[in-house]
Amino acid sequence: MNNLFVYCEIEDSVVADVSLELLTKGRKLANELGCKLEAIAIDNNISNIGDQIFKYGVDVIHVCDDAKLAPYQTIPHQKIVCDIIRQEQPQIILFGASSVGRDLAPRVASALKCGLTADCTSLKIGDYDEKKTTKNPDTGEITTTVTPYKNLLLQIRPAFGGNIIATIVNLHARPQMATVREGVMKKEVCDENYKGEIKPFDYKKSLSDIDFVVKIISREIEKSKINLKSAPVIVAGGYGVGSKDNFRLLHELAELLGGEVGASRAAVDAGFTEHERQIGQTGVTVRPKLYIACGISGQVQHRAGMQESAIIVSINTDENAPINSIADYVITGDVAEVLPKIIKSYKANSK
Amino acid sequence: MKKGFKIIVLAKQVPDTHNVGKDAMKEDGTMNRAALPAIFNPEDLNALEQALRIKDQFPETTITVLSMGLPKAADVLREAIFRGADNGILLTDRKLGGSDTLATSYAIAQAIKTVGDYDIVMCGRQAIDGDTAQVGPQAAEKLDIPQVTYAEEIVGISDKDITIRRRLEHGVETVNAPFPVLVTVTGTAAPCRSRNAKRVMKFKNAMTSMEIEAANADKALYEARPYLNITTWGADDVDIDAARTGKAGSPTFVKEIQSVVLQAKESKRLTGSDTDINDFVKDIIDNHILG
């Protein structure tokens with residue numbers, strides 16, 4: 001009881017990356033709390049769900065496997081998730097901040113009258129002292145009471161357009177609920193041989209015909225397309241990367257940071273990478289939170305496609321490369337030497 | 001076929017966080033809210049446009065714009081009326097202050113119930129001051145009606161239901177939902193039309209009772225032209241339970257606020273040395289640039 005839950009987002013019987021990332025984080029938080037990690041899996045043809053997610057350290061999977069439940073629909077999933085929560089009383093439940101999670105989680109929170117924090121960029125376990133000051137109306141005496149709360153989920157997120165970072169806690173209502181965007185947490189198998197328990201949930205009791213009033217008429221889901229526009233981090237390469245081979249380093253760093261690989265026109269023309277990755281006036285315009293330009297001189301056409309990025313890093317052997325004038329960090333050096341160092345350092349310093 | 005629908009558009013007045021100037025942060029690192037202009041939440045304008053398109057096709061449609069906020073949020077109601085909405089309702093009360101999304105959705109749902117008869121509630125997917133995208137779905141749950149989020153275009157409408165194309169992160173989905181329904185509209189939907197000059201002339205003096213009082217305006221005018229009155233409701237007008245609103249009704253607490261130091265574009269110059277690279281990586285991790 002009072003365990004940590006993750007709602008698994010599933011498309012065509014496959015658990016989404018964002019959910020695997022949450023399971024990875026959830027396992028670590030559950031260890032800190034000394035509780036179990038449990039998952040909710042609602043879809044069709046998911047008899048292999050254990051093979052998909054036990055290795056992330058999942059102790060229990062609550063499964064609802066039925067053709068009626070796929071693809072995702074708001075009300076049926078909401079009713080089932082609410083009933084599982086009522087039955088299992090988790091202390092925390094996490095959702096992906098995707099078009100599914102952001103559709104479902106608020107509705108669940110509303111039905112259970114719980115607090116929900118959207119798009120967390122960090123989750124921690126910590127304490128909070130609630131201070132309350134009361135004034136005795138007769139004597140005028142002021143008393144301050146402090147109620148300590150232990151082991152709360154600290155939900156950390158940017159607010160006001162990223163100008164402040166707020167730490168949110170839910171003191172009373174349970175479960176504590178949060179959503180996290182894809183790529184924010186790392187996906188990491190905890191133990192290939194980890195074995196948990198599969199518990200089918202009797203979802204038929206939760207549903208009635210009226211819950212299926214919204215009809216899906218058509219769906220076109222594109223799989224694993226290069227999605228530069230929504231990538232929070234872009235590692236982009238130019239002619240200065242030198243070779244197709246060296247581009248692998250960019251992919252390695254991008255994957256580590258939960259981002260995508262982009263390119264300048266010169267790199268695309270040189271055949272280092274595919275055309276879909278081209279950023280600039282004739283390519284895609286991006287504004288990620290972090291843009292790492294590797295061996296890109298920064299012609300105005302390229303800058304037009306990325307200059308609104310929040311933080312720009314330029315790695316270039318030429319310390320006077322034009323892109324350096326709009327960069328927040330200028331690292332003077334060879335991409336092939338600098339990138340492995342960043343990868344190594346990030347692995348050592350990240351959570 | 002019906003000649004019109006009853007639509008409620010939810011609109012929020014928000015600080016313009018996307019255009020944060022140099023003076024937006026005070027020297028002590030706190031937000032200088034006065035320096036941020038208050039604007040019509042952008043995606044709520046996309047929602048208004050979708051409602052107006054239904055009205056274009058079915059002229060007997062009525063569009064009521066509802067905003068919860070400070071008294072000055074009457075500005076967004078006027079703006080919506082200038083662009084084609086029929087009337088505005090301002091839900092404002094100190095008791096509602098400090099509400100998180102759960103308490104806000106409760107108050108808004110109460111106001112929608114007070115309006116009573118409606119086919120569609122439309123709002124932006126999210127507001128730029130919080131980017132939570134929660135209030136729409138939470139209000140739908142409280143009203144016990146279906147929701148269609150991430151709507152990009154209305155592709156069909158009948159007496160009983162509406163067909164909507166949704167823009168998801170990995171594709172598109174078309175769904176059909178019966179009335180009443182709550183629809184949240186994304187910023188990729190059609191932009192809102194501009195003000196209509198005739199409507200600006202007709203409604204430029206539209207005000208809430210508080211504004212009429214404050215401006216010492218000619219009350220006879222507002223009696224003679226009732227359409228110039230923007231309805232104002234307080235918590236009691238929409239039967240709000242005090243325990244479910246404001247701070248009391250908000251399960252989430254802000255434990256602490258850290259301001260993000262806005263850096264001028266003066267680049268940090270680093271070499272490729274191990275120490276420099278390490279410092280750089282720690283910098284981007286510590287400053288919440290990642291994630």
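Atom set for the values below is all heavy atoms of this structure, side chains included, hydrogens, waters and symmetry mates excluded.
- No other option in Val172(B), Val14(B), Leu168(B) has as many heavy-atom pairs under 4.5 Å with chain A as Val172(B).
- Contact tally against chain B (heavy-atom pairs below 4.5 Å) for Ser99(A), Ala118(A), Ala105(A): the top residue is Ser99(A).
- Looking at Val180(A), neither its backbone nor its side chain comes within 4.5 Å of chain B, counting heavy atoms on both sides.
- The greatest number of non-hydrogen atom pairs below 4.5 Å with chain B, out of Ile75(A), Asp119(A), Leu171(A), is found for Leu171(A).
- Using a 4.5 Å cut-off between heavy atoms, Leu102(B) touches chain A through its side chain atoms alone.
- With a threshold of 4.5 angstrom between heavy atoms, Thr163(B) approaches chain A through side-chain atoms but not through N, CA, C or O.
- Distance alone, capped at 3.5 Å, places no donor-acceptor pair between the Thr179(A) side chain and the Ala97(A) backbone.
- The candidate with the highest count of non-hydrogen atom pairs below 4.5 Å against chain B, out of Ile216(A), Val338(A), Val100(A), is Ile216(A).
- When Arg125(B), Glu256(B), Arg244(B) are compared by the number of non-hydrogen pairs under 4.5 Å with chain A, Glu256(B) comes out ahead.
- Arg167(B) pairs in a salt bridge (charged side-chain N to carboxylate O under 4.0 Å, His left out) with only one of the listed residues (Glu43(B), Glu153(B), Glu152(B)), which is Glu152(B).
- Heavy atoms closer than 4.5 Å to chain B are found in the side chain of Gln78(A), but not in its backbone.
- In this structure, chain B has no heavy atom under 4.5 Å from any part of Leu152(A).
- Side chain of Lys160(B) to backbone of Ile157(B): no donor-acceptor contact under 3.5 angstrom is found.
- Side chain of Asp328(A) to main chain of Ser267(B): no donor-acceptor pair is present (N/O by atom type, distance under 3.5 Å, no hydrogens or angles).
- Ionic pairing of Asp17(A) and Lys187(A) is present here: one or more N-O contacts between side-chain nitrogen and carboxylate oxygen are shorter than 4.0 angstrom.
- Residue contact with chain B, scored on non-hydrogen atoms closer than 4.5 Å, is absent for Asp211(A).
- A side-chain N or O of Gln134(B) and one of Thr101(B) form a donor-acceptor pair less than 3.5 Å apart.
- Of the two parts of Tyr150(B), only the side chain, counted from C-beta on, holds a non-hydrogen atom closer than 4.5 Å to a non-hydrogen atom of chain A.
- Partner of Pro288(A) under the side-chain contact (heavy atoms from CB on, under 4.5 Å) criterion, chosen from Ile311(A), Ile234(A), Leu228(A), Val235(A): Ile234(A).
- Of the listed residues Ala139(B), Ala177(B), Pro178(B), Gly136(B), the one with more heavy-atom pairs under 4.5 angstrom with chain A than any other is Pro178(B).
- For chain A, no part of Arg165(B) is nearby; none of its heavy atoms comes within less than 4.5 Å.
- Looking at Asn46(B), its side chain never comes within 3.5 Å of a backbone N or O of Thr188(B) through a donor-acceptor pair.
- Note: Phe280(B) and Tyr329(A) have perpendicular aromatic rings, judged against thresholds of 30 and 60 degrees for the angle between ring planes.
- Neither the backbone nor the side chain of Lys344(A) comes within less than 4.5 Å of any heavy atom of chain B.
- When each of Arg157(A), Gln176(A), Glu337(A), His172(A) is scored by its heavy-atom pairs under 4.5 Å with chain B, the top score falls to Arg157(A).
- By number of non-hydrogen pairs under 4.5 angstrom with chain B, the leading residue of Leu116(A), Thr74(A), Ile315(A) is Leu116(A).
- With hydrogens and angles ignored, the 3.5 Å screen pairs a side-chain donor or acceptor of Asp334(A) with a backbone N or O of Ala336(A).
- Ring centers of Phe179(B) and Phe5(B): under 6.0 Å apart, within the cut-off.
- Heavy-atom distances place the backbone of Ile145(B), and not its side chain, under 4.5 Å from chain A.
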